[in-house]
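The next block holds one structure in the form of structure tokens; read it before the comments.
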Amino acid sequence: PNPAQGPLSGFGYLGIDTFMQRQPELSPWMSQDLKDWSADPAHAEPAVNELGESVQALNVRDLPMGVEANAVMFAAARERFSTDARAAKVPAAKLTEEAWFFWTTVYYNAGEGTGKKMLLKHGVDYWKTKYTGAENSQSAKYNATWRTSTWDYLRQHGGDDLAEMTE
């Protein structure tokens with residue numbers, strides 16, 4: 001299918017692998033349109049993730065809906081990290097933009113269980129630690145470091161208008 005038009009696989013293209021089974025938790029961030037769409041079981045996409053777990057992704061109508069669903073899951077990951085950081089008594093001064101982005105990415109990509117374990121084991125400043133292992137898309141540290149570096153580069157060099165980068 002054309003990724004700009006639907007239906008679009010939430011599992012294959014958008015990383016919203018667990019969207020359908022997490023609807024109640026995600027609901028506060030959803031538009032009414034996304035709530036209505038995801039309420040229809042015909043839009044569920046059963047799949048098996050990289051860990052061999054059965055998941056229920058959401059097939060979206062189009063790319064804008066997919067971006068919203070991805071952002072909704074990112075918002076939920078940020079809230080889960082925030083809750084765990086408060087419980088771990090992480091000082092607010094340690095929660096830089098980079099720390100927020102890194103940890104939200106860990107929680108989004110690897111799940112709250114893995115995120116919390118990493119936070120408690122390595123501390124909030126783990127985002128500052130260089131990744132030294134082999135390229136490994138299964139590693140939460142690798143993925144979060146890669147995504148945080150990309151985000152930081154775009155933030156520093158792309159400004160608010162990423163179109164400037166292509167001129």
Worked verdict on Met73 versus Leu14 for side-chain contact (heavy atoms from CB on, under 4.5 Å): CA-CA 11 Å; Met73 289 191 67; Leu14 298 166; over 6 Å; no
Are the side chains of Tyr126 and Val106 in touch, meaning some heavy atoms are under 4.5 Å apart? no
Side-chain touch Val72/Phe19, heavy atoms, less than 4.5 angstrom: yes
Under a 3.5 Å distance rule, please check whether Lys141 uses its side chain to pair with a backbone N or O of Gly133 as donor and acceptor. no
Just verifying a value: how many Å separate Phe81 CZ and Arg86 CZ, rounded to the nearest 0.5 Å? 10.0 Å
Only distances under 3.5 Å count here; give the side-chain donor-acceptor pairs of residues 51-59 to other protein atoms, sequence neighbours excluded, each with its distance to 0.1 Å.
| residue | atom | partner | partner atom | Å |
| --- | --- | --- | --- | --- |
| Glu53 | OE1 | Asn49 | ND2 | 2.8 |

Under the criterion side-chain contact (heavy atoms from CB on, under 4.5 Å), I'd like the reasoning laid out for Leu26 against Leu34: C-alpha separation, chi angles, the key distance, then a yes or no. CA-CA 11 Å; Leu26 302 173; Leu34 184 56; over 6 Å; no
Looking only at heavy atoms, the pair that brings Gln23 and Ala39 closest together is NE2-N, 4.2 Å
What's the spacing between Met30 CE and Asp36 CG if we round to 0.5 Å? 10.5 Å
Go through Trp146 and Thr105 one step at a time and tell me if the side-chain contact (heavy atoms from CB on, under 4.5 Å) criterion holds. CA-CA 10 Å; Trp146 175 32; Thr105 299; over 6 Å; no
About how many Å separate OG1 of Thr104 and CD of Glu79, when rounded to the nearest 0.5 Å? 11.0 Å
Option from Tyr108, Tyr107, Trp151 for which ring pair (Phe, Tyr, Trp, His ring centres under 6.0 Å) with Phe101 holds: Trp151
Is any side-chain heavy atom of Asp62 closer than 4.5 Å to one of Met65? yes
Are Phe11 and Met20 joined in one hydrophobic group, where the rule is that I, L, V, M, F, W and Y side chains link up if heavy atoms are under 4.5 Å apart? no
Using a 3.5 Å cut-off and no angle test, enumerate the donor-acceptor pairs between side-chain atoms of residues 116-125 and protein atoms at least two apart in sequence or in another chain.
| residue | atom | partner | partner atom | Å |
| --- | --- | --- | --- | --- |
| Asp125 | OD2 | Lys94 | NZ | 2.7 |

NZ on Lys130 to OG on Ser149, rounded to 0.5 Å: 10.5 Å
Is any side-chain heavy atom of Lys35 less than 4.5 Å from a side-chain heavy atom of Ser27? yes
Please assess Ser82 against Trp103 for the test side-chain contact (heavy atoms from CB on, under 4.5 Å), listing each intermediate value before the final yes or no. CA-CA 9 Å; Ser82 178; Trp103 285 105; over 6 Å; no
The side-chain contact (heavy atoms from CB on, under 4.5 Å) partners of Glu135 (sequence neighbours excluded) come to Tyr142
Taking the side chain as every heavy atom from C-beta outward, state whether Glu68 and Asp33 have any pair of such atoms under 4.5 Å apart. no
Hey, what do you get for OG1 (Thr148) to CD (Glu97), rounding to the nearest 0.5 Å? 12.0 Å
Taking salt bridge (Lys or Arg N to Asp or Glu O under 4.0 Å) as the definition, give me every residue that meets it alongside Glu98, ordered by chain and number, with sequence neighbours left out. Arg155
Once ring-ring contact (aromatic ring centres under 6.0 Å, His included) is applied, do any residues pair with Phe102, and if so which ones, sequence neighbours excluded? none
For Arg80, check salt bridge (Lys or Arg N to Asp or Glu O under 4.0 Å) against everything at least two apart and list the hits. Glu25, Glu112
Nearest heavy-atom pair of Arg22 and Ala76: which atoms, and what distance? NH2-CB, 3.8 Å
Between Trp127 and Leu95, is there shared hydrophobic-cluster membership here, with clusters defined by ILVMFWY side-chain heavy atoms closer than 4.5 Å? yes
